Each structure stands twice: as structure tokens, then as C-alpha cells.
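Quick notes on the structure that follows.
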Number of protein chains: 2
Amino acid sequence: MSPPEASRPARLILSRLDTPIGEALVVTDEDGVLRAFDFADYEDRMRRLMRRHYGEQPIAEGEVPAELVHVFGRYFAGDLDALDALEMRTNGTLFQRRVWAALRTIPAGQTLSYKQLAERIGSPKAVRAVGLANGANPVALVAPCHRVIGANGGLTGYGGGLHRKRWLLVHEGAHFAS
Amino acid sequence: MSPPEASRPARLILSRLDTPIGEALVVTDEDGVLRAFDFADYEDRMRRLMRRHYGEQPIAEGEVPAELVHVFGRYFAGDLDALDALEMRTNGTLFQRRVWAALRTIPAGQTLSYKQLAERIGSPKAVRAVGLANGANPVALVAPCHRVIGANGGLTGYGGGLHRKRWLLVHEGAHFAS
DNA sequence: CGCGGCATGGATCTCGACGACGACGCCTGC
DNA sequence: GCAGGCGTCGTCGTCGAGATCCATGCCGCG
């Protein structure tokens, strides 16, 4: 159901990618597989997450792998499903990995409420916990936590700033309140 | 009685010094005051100690301050009291600092047993604890933990290796068994 | 003697318990 | 509607208790 815990990477490489909504941080491992995606104005939180998941290991600066440049470029250019097949590796608790896996079952253009997401992973009452896990998602966009909104259709919150959540949902043609 | 806990240093500088008993590690703070002295073959332990006392702070490489080169040189050349006036700063628990301060009251050429040292700091039964604190001494030579030996005159143990303890005691003209 | 066993005390590590905290949702009372 | 209160549940930080580890010393036994 949820993917297995990812092994401790031999190396972590941090690179930076320009997007229409600001500079993004891309962390990959020695196989070039994505370990984190976040926005540059939240670099502190991203580093804290990496430390939590992988220990004190230093993070080297590098280039964004060509395949990732290509795939994110397509997504922002309007090919909304471009990220669906992209491999990602995450650590985290069983519950978190369940939530993050469930996120990828929401197609672009659609949204889900925190409640519906909680039901989908079999813990119908763990609504706020789902919110917490959403906030701890290391791989924004690829695990599309921006597609989860309040039961009343409002945007509630987003780790990258509400303006980005709004932009992404508009970009994907989803419906939401105000 | 025991010196106050040293403040967190602004900077730590690690330098290396040749001695008749092998390369030594010298750690100084931004004032050039000694924070650690150990032998190069135990660099791991030294770094662990620094981390414990001063946190994750990185340690820069640098040159041994001229005064220290001079003073250690004199000690190894036979001026056995050359280190007596040297300033040092240590962190650690109250008990540890009491032990380390008491070490400096043992003159070169003399020895004390762990028991006598325990009595000297007012905890006559904390004999093994004194041994532990001795092993956690960050400032070898300057806090002369090598002058503490077993009640039967044997050398027991030394963080820098027994051969160094033996060499130092011979160098200082102290008496000990076998 | 030499050896084994045991008391002794501080530091460190590990665990489990506990409390606080949310990117919510629902119900109530105006 | 809308503001406020509360149930709910996984995380994380903190704290404290208990076990373990030792650079010992002493006693008792062969």
C-alpha cells in the first residue's frame, strides 16, 4: 500500500531550479532519484526535514539532473500529468508514507478534503494528523499536497505559502472556494 | 575551588604539534586559550568530546599559537613545570571540573592514587567516578591525568595509551611499579 | 602472591510516559 | 453565516527512571 522506507542515501545533492512561482530546491540521491522538492524561501525547513530523515549528513551543491529539468518544465508548461510517473524516495513514519502515497492518487485538476484523504487511508478520524503529515511532505508537487483543501472548499494552509497553492490549483484547472 | 564552566567559544581552531611521543592535537579558542590537548591517534574521541562540550560547531584548521609551541617545547625539553601557569578552559560537569582542577595540584615528579585524588576533592568513595572523569579529561598534559596511578603503584590506564603514560612519568622522574 | 568478587558513584544512553501542538471538521448558539 | 468550542490522533520535544559502563580498591580465598 505505502512504499517502503527509503534507505539512507550515500550522498545528497542540492540543486536549484527556476519555476514560474519562484526558485525551487531539488534534492536528489546518488541514483539521481528525487528525495525532496521545496521552495527556496523555506530552505531552513527543508534542511531540518532532511536532517530528521537522514541524519547529520552534509548536503553537496550540484546541478539539477537533466531528466528532472525536463519533467518539471513540462508540468509548468501545461502537461499536468508530467510528474505522475516520476520516481521519488521518502523516509518518515508508516502513517506519513501512507498519506504521501495517497496524495499521488489525486489526479491533476481534482481536489480532496483532509477528511476524504483520511478516509482513503483507512483512518477516518485522523483528520488533523493528516494535516500534520501533509505539512511534513518533503516532496512538494510530486506528492501533490496542494490538492488537499478544506471540507468547505477553502484553501486552509500550504507549506510553500497560500499564494503558491492558489497558483497551482488554477494552473491545474481545479475548483475551490473564493 | 573548581574553575567556572567555560563559555561557549566563538571559534575553535585545531592545530597539530610534533612531540617526542607523536603528533598532538591542540584546540584553542578565539583568545588563543587552550580548550583541548590530545594525541593524533585519538582524534575521534577528541572531536566527540568537543561536540559534547560545545555542540555541533565546526572546527577550523590552523597554526599552533607561538606561545603554546614555546611552552610545550620547554616541557618536553625538561622544564617540567613549564605547563603549570598555562591557562586552560574547560566545560563539563561540576564534578569533572573539580577533578581536573585537582590534577593540577600534583607536581611533576609525583603521583597520586585514584583513591587519594577522590579524597582530595572531598568524595572519598567516588573512586571509580574519578577514573571516569580522568578519562574524560580534554586537556591532557596540562591537566596531568598521567600522574594518577593505581593504589598498588601500577599504571592502570591512560587515554593516550599506556606507553605514553609510562614515557611521561619517566620523563618527570616519578616512581611507579614495574 | 594472584585471582575473583563486590561495593561504590558519576556520566551516558535508552525507553516510555506525558504534554503540547496542528495545513480539520462538526456542532452549537446567535 | 459565522464565531467559538471541542473531539480526534500522529509527531515531536522533554523529562525522569533505570541499566550500563568504568583508567578502582579492598577483602577473602587458595
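Because the structure is predicted, anything quoted here is derived from the model rather than measured. Numbers restart at 1 for each chain; the letters A, B, ... are given by sequence-line order, proteins then strands.
The distance between the ring centers of A:H163 and A:W167 does not fall below 6.0 angstrom.
Here the C1' atom of nucleotide C:dG10 and the CG atom of B:N137 are 16 Å apart, to the nearest Å. Computed from coordinates, the B:N91 CG to C:dT12 C1' distance equals 17 Å when rounded to whole Å. Here the P atom of nucleotide D:dG25 and the CG atom of B:N134 are 11 Å apart, to the nearest Å. The CG-C1' distance, from B:L117 to C:dG9, rounds to 14 Å in whole Å. One atom, CZ of B:R120, and another, C1' of D:dT24, lie 17 Å apart when rounded to the nearest Å. Between the P atom of D:dA23 and the NE2 atom of B:H163 lies a distance of 17 Å, rounded to the nearest Å. Rounding to whole angstrom units, CG of residue A:N152 and C1' of C:dC27 are separated by 15 Å. The OH atom of A:Y114 sits 14 Å away from the P atom of C:dG22 (whole-angstrom rounding).
Nucleic acid contact for B:F95: sugar-phosphate only, since backbone atoms but no base atoms lie under 4.0 Å from a heavy atom of the residue. If you check every strand for non-hydrogen atoms under 4.0 Å, A:G135 touches a base.
Closest to the side chain of B:V127, from the set C:dT8, C:dA23, D:dT24, is D:dT24. Of the candidates D:dC12, D:dA23, C:dA11, C:dA11 carries the atom nearest the B:T93 side chain, counting heavy atoms from C-beta on.
Taking 4.0 Å as the cut-off between side-chain N and carboxylate O, B:R89 and B:D29 count as a salt-bridged pair. Under a 4.0 Å N-O distance rule, the pair B:E43/B:R45 does not qualify as a salt bridge.
Toward the 5′ end of DNA chain D lies the nearest nucleotide of A:L132, the other residue of the pair A:L132 and B:A151 mapping further downstream.
The two atoms that bring B:R16 and B:L25 nearest to each other are NH1-CD2, 3.3 Å, heavy atoms only.
A donor N or O paired with an acceptor N or O is found under 3.5 Å between the base of D:dG7 and the side-chain atoms of A:R128.
Put simply, the side chain of B:R98 never gets that close to the backbone of B:I121: no donor and acceptor are under 3.5 Å apart.
Environment of CZ in B:R74: crowded, with over 12 heavy atoms of neighbouring residues, nucleotides or ligands closer than 6.0 Å.
Between B:R52 and C:dT12 there is a side-chain polar atom (N or O) within less than 4.0 angstrom of OP1 or OP2. The side chain of A:K115 places an N or O atom within less than 4.0 Å of a non-bridging phosphate oxygen (OP1 or OP2) of C:dC26. Side-chain N/O atoms of A:S113 include none lying less than 4.0 angstrom from OP1 or OP2 on C:dC24.
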Quiz item: Reading DNA chain D 5' to 3', how would its secondary structure be written in dot-bracket notation, given Watson-Crick and G-U pairs with both distances under 3.5 Å, brackets [ ] for crossing pairs and | for partners on other strands?
Solution: |||||||.||||||||||||||.|||||||
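Seen from the ring of B:Y158, B:R164 does not count as a face-on cation partner, given the 6.0 Å and 45° thresholds.
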